[in-house]
Amino acid sequence: MIKNLLNKYINNVISRIIKKQTRIQQEQFAFQAISGLFNEPHFIPFTRWSISPSTIQHILNDIEINKRNCIVEFGAGASTLYIAKLLKTKGSNASFFSIESDETWARTIENDIKKMQLDNFVSIIYVPITNVSKSISHGQQTHWYDTQVLDSIFVNIHAIDLILVDGPHGKSTPFARYSAIPYLQTKLSTSYSIYLDDSERDEEKEIVTEWKKSLNCNTSIGHRYALLSNDIDLITMPYRLKVW
């Protein structure tokens, strides 16, 4: 009896170690894949706050395979550089707007974009955080990006086909990222993908549930992110290493 329990425990530990190692290898594989976009010696910082390489790889697959034409990102960072580089590499005419609430960070990313000669392929836009309207908030949420500033940006935009929500940061207010879809829902294209980073957190799980009900769409859960779409096609999913 004790021997069986001990063997079961050991097998569980080994299984967890193998899965963790496979996840590390998966991220290394994804990082190598997306880094192929940059032949020049550029340093792109990845921190514990950064979106994962495998998430970026999925987004780049989606942009290329589904020929996305209007991309909106909340929260500038490594993903901004990779998306802009893909658009340049492919000679794309897609519009790409990156919304950032930290003015210093927005200028940092903007400088990087200029150094990499990507400024024709993305607009970095500083938008401060302010009180949010009840009509686009959820639960105890009190703040989001200033919609008056956003209104001036998106006034003539009506066919957004890819949204990446990686901001504001989660501790700024409860359900900090909820408002993105209520605000942009009427501007979505007939075919779209919406990526929400940090989807393993409780508030983000609830946000996914609320967005799904509002959009009446499909959902797919990846590692640390969720994908919502009215036309999920598995051919955009990154290659997955097998757990043996």
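Heavy atoms only: backbone and side chains are in, while hydrogens, waters and symmetry mates are out.
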- Task: Not counting sequence neighbours, which residues clear side-chain hydrogen bond (donor to acceptor under 3.5 Å, both in side chains) with Y145? List them please.
- Result: none
- Query: Under 3.5 Å, side chain of S229 to main-chain N/O of Y192, donor-acceptor pair present?
  - Reply: yes
- Quick one: are I63 and L162 in side-chain contact, heavy atoms under 4.5 Å? yes
- Task: Just jot down the ring pair (Phe, Tyr, Trp, His ring centres under 6.0 Å) partners of H138, sequence neighbours excluded, or say none.
- Result: F175, Y178
- Message: Test of understanding: with salt bridge (Lys or Arg N to Asp or Glu O under 4.0 Å), list the residues that count as partners of D62, not counting sequence neighbours.
- Response: R68
- Donor-acceptor pair, K187 side chain versus I157 backbone, under 3.5 Å? yes
- Message: What I'd like to find out is whether the side chain of I83 reaches to under 4.5 Å of the side chain of V122, using heavy atoms alone.
- Response: no
- Message: Test your reading of the model: is there a side-chain donor-acceptor pair from S179 to the backbone of I136, 3.5 Å cut-off?
- Response: yes
- Query: Quick one: CD1 on I71 to CD1 on I163, what's the gap to the nearest 0.5 Å?
  - Reply: 11.0 Å
- CD1-CD distance between I59 and E64, expressed to the nearest 0.5 angstrom: 14.5 Å
- Output for pair (D119 CG, I124 CD1), nearest 0.5 Å, gives 10.0 Å
- Message: With a 3.5 Å distance limit and no angle check, can you tell me whether N69 reaches the backbone of D161 through a side-chain donor-acceptor pair?
- Response: no
- Message: In the structure I gave you, are the side-chain heavy atoms of T80 and F96 within less than 4.5 Å of one another anywhere?
- Response: yes
- Query: What pairs with T108 under side-chain hydrogen bond (donor to acceptor under 3.5 Å, both in side chains), at least two apart in sequence or on another chain?
  - Reply: none
- Message: Taking side-chain hydrogen bond (donor to acceptor under 3.5 Å, both in side chains) as the cut-off, I'd like each qualifying pair that reaches into residues 151-160, sequence neighbours left out, listed once.
- Response: D151-Y183
- Item | Residues that E200 engages under side chain to side chain contact (heavy atoms under 4.5 Å, CB included), provided they are two or more places apart | D198, R224
- Item | Side-chain (S137) to main-chain (V132) donor-acceptor, under 3.5 angstrom | no
- Which of parallel (below 30°), tilted (30 to 60°) and perpendicular (above 60°) describes Y225 and H58? perpendicular
- Query: Between D166 and E73, is there a donor-acceptor pair closer than 3.5 Å when you use the side chain of the first and the backbone of the second?
  - Reply: no
- Item | Contacts of type side-chain hydrogen bond (donor to acceptor under 3.5 Å, both in side chains), residue K205, not counting sequence neighbours | none
- Results of side chain to side chain contact (heavy atoms under 4.5 Å, CB included) for S123 - residues two or more places apart only: F97, I125
- Message: Is it the case that the side chain of K88 and the backbone of Q117 share a donor-acceptor pair, with hydrogens and angles ignored and the cut-off at 3.5 Å?
- Response: yes
- Message: Donor-acceptor pair, distance only, cut-off 3.5 Å: does the side chain of E100 make one with the backbone of A76?
- Response: yes
- Note on the structure: By side-chain hydrogen bond (donor to acceptor under 3.5 Å, both in side chains), E110 pairs with (sequence neighbours left out) R107
- Task: Any chance you could measure D146, atom CG, to Y126, atom OH, to the nearest 0.5 Å?
- Result: 9.0 Å
- Output the distance between atom CZ (F121) and atom CE (M116), rounded to the nearest 0.5 Å. 14.5 Å
- Task: List for me each residue that meets salt bridge (Lys or Arg N to Asp or Glu O under 4.0 Å) alongside E204, sequence neighbours excluded, and say none if there are none.
- Result: R201
- Please name all residues satisfying salt bridge (Lys or Arg N to Asp or Glu O under 4.0 Å) with K114, sequence neighbours left out, ordered by chain then number. none
- pair W211-P182: side-chain heavy atoms closer than 4.5 Å: yes
- Query: Should V127 and I153 count as side-chain neighbours, where that means a heavy-atom distance under 4.5 Å?
  - Reply: yes
- Query: Roughly how far apart are L164 CG and I194 CD1, rounded to 0.5 Å?
  - Reply: 11.0 Å
- Message: Once salt bridge (Lys or Arg N to Asp or Glu O under 4.0 Å) is applied, do any residues pair with E210, and if so which ones, sequence neighbours excluded?
- Response: K213
